[in-house]
Amino acid sequence: MKKLFLSLVCAAAAWAVSAAPQKVDFGKMPKNSQEFVQKYFSNEKVKSVEMDRESSWDKYTVYFNSGNQVSFEGGSGDCSQIIMKEGAVPSSAMPAKLRSYTGAKYPRLHVVMYETTADGYKLKLSDNTILDFNKSGDFVKASK
């Protein structure tokens with residue numbers, strides 16, 4: 001019984017270590033992820049890049065010296081999340097419908113978080129308002 005328990009503990013520990021994010025070189029990310037960073041964050045200095053193996057897909061997260069970060073789906077290389085500690089999410093990095101809506105309804109606020117979800121998109125504004133949009137980019141709801 002002790003051997004079985006010890007084996008289970010060792011297996012769990014090995015899984016936890018292998019599931020932990022690993023530092024990787026910027027050049028190891030998918031090409032379109034690299035191009036996204038170079039296009040929208042050209043003024044930022046990359047601090048580190050981590051690859052996280054979540055369930056069946058990889059996720060890359062680029063951390064900048066400013067504290068900002070951007071995450072990508074490993075398979076497709078598409079941007080899945082942008083978190084800004086300084087400044088605003090580059091508006092051209094978001095779908096046009098989201099830009100138009102936030103610009104018209106919240107002209108004095110800026111977007112500090114952009115995320116793709118299973119249902120569409122989620123934005124966080126500088127006053128902590130959360131905006132949900134469907135996959136077509138149509139506004140669904142706002143919450144605080």
Side-chain angles (χ1 to χ4, degrees), residues 5-144:
F5 179 73
L6 184 58
S7 295
L8 290 173
V9 169
C10 289
W15 178 81
V17 168
S18 67
Q22 302 171 349
K23 291 200 183 280
V24 296
D25 290 333
F26 182 80
K28 297 290 184 187
M29 293 192 314
K31 187 74 169 159
N32 59 327
S33 300
Q34 295 175 45
E35 291 168 353
F36 185 95
V37 170
Q38 292 163 348
K39 180 177 182 178
Y40 297 112
F41 296 93
S42 60
N43 294 333
E44 293 267 12
K45 174 87 170 125
V46 174
K47 180 178 180 179
S48 65
V49 178
E50 290 184 353
M51 181 180 65
D52 192 5
R53 297 189 186 274
E54 295 180 352
S55 61
S56 61
W57 69 89
D58 295 341
K59 174 181 164 186
Y60 293 92
T61 302
V62 178
Y63 296 93
F64 299 103
N65 284 344
S66 63
N68 298 336
Q69 64 187 58
V70 60
S71 297
F72 302 93
E73 297 303 326
S76 66
D78 293 337
C79 178
S80 58
Q81 186 180 57
I82 301 172
I83 299 173
M84 301 298 289
K85 300 293 183 189
E86 291 184 11
V89 170
S91 62
S92 56
M94 298 184 295
K97 276 185 149 179
L98 279 60
R99 288 193 310 261
S100 296
Y101 183 86
T102 55
K105 298 288 184 179
Y106 301 94
R108 292 195 173 107
L109 300 176
H110 58 273
V111 178
V112 295
M113 190 268 304
Y114 162 84
E115 181 176 29
T116 59
T117 66
D119 299 327
Y121 305 94
K122 186 178 292 285
L123 302 180
K124 182 178 179 182
L125 302 178
S126 52
D127 72 345
N128 290 323
T129 299
I130 305 292
L131 304 176
D132 290 304
F133 298 84
N134 64 21
K135 290 182 180 183
S136 299
D138 299 318
F139 175 74
V140 175
K141 71 175 182 174
S143 57
K144 279 236 183 189

Can you name the nearest heavy-atom pair linking T116 to C79, along with the distance?
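Scanning both residues completely, I find the closest heavy atoms to be CG2-O, 3.9 Å.
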Indicate the atoms forming the closest heavy-atom contact of P30 with G74, along with that distance.
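Shortest heavy-atom separation between P30 and G74 comes out as CG-O, 3.3 Å.
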List the steps and the verdict of side chain to side chain contact (heavy atoms under 4.5 Å, CB included) for L131 and K105.
CA-CA 11 Å; L131 304 176; K105 298 288 184 179; over 6 Å; no
To the nearest 0.5 Å, how far apart are [atom1] in [X] and [atom2] in [Y]?
X	Y	atom1	atom2	result
N65	E86	CG	CD	10.0 Å
I83	F64	CD1	CZ	12.0 Å
M84	F41	CE	CZ	5.0 Å
K47	E50	NZ	CD	10.0 Å
T117	Q81	OG1	CD	11.5 Å

Taking only residues two or more places apart in sequence, or in another chain, which ones meet K122 in a side chain to side chain donor-acceptor pair (under 3.5 Å)?
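Listed in chain order: D132.
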Partners meeting side chain to side chain donor-acceptor pair (under 3.5 Å) with D138 (sequence neighbours left out)
K97
Hey, are the side chains of [X] and [Y] touching, using non-hydrogen atoms and a 4.5 Å cut-off?
X	Y	value
D127	Y106	no
D119	N134	no
M29	V62	yes

Side chain of [X], backbone of [Y]: donor and acceptor closer than 3.5 Å?
X	Y	result
Y60	G77	no
K135	A118	yes
Q34	G27	yes
S42	K39	no
S126	H110	yes
D58	R53	no

Within a reach of under 6.0 Å around NZ of K144, are more than 12 heavy atoms found that belong to other residues, nucleotides or ligands?
yes
Would you mind listing every ring pair (Phe, Tyr, Trp, His ring centres under 6.0 Å) that reaches into residues 70-103, with sequence neighbours excluded?
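Residue pairs passing ring pair (Phe, Tyr, Trp, His ring centres under 6.0 Å), neighbours aside: F36-F72, Y101-F133, Y101-F139.
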S71 side chain to T61 side chain, donor-acceptor N/O pair below 3.5 angstrom:
yes
One pair to check against side chain to side chain contact (heavy atoms under 4.5 Å, CB included): I82 and Y40. What are the steps and the verdict?
CA-CA 11 Å; I82 301 172; Y40 297 112; over 6 Å; no
Full working for side chain to side chain contact (heavy atoms under 4.5 Å, CB included) between M94 and L123:
CA-CA 10 Å; M94 298 184 295; L123 302 180; 3.8 Å; yes
Would F26 and V37 count as a side chain to side chain contact (heavy atoms under 4.5 Å, CB included) if you check the C-alpha gap in whole Å, the side-chain angles of each, and the deciding distance to 0.1 Å?
CA-CA 10 Å; F26 182 80; V37 170; 3.8 Å; yes
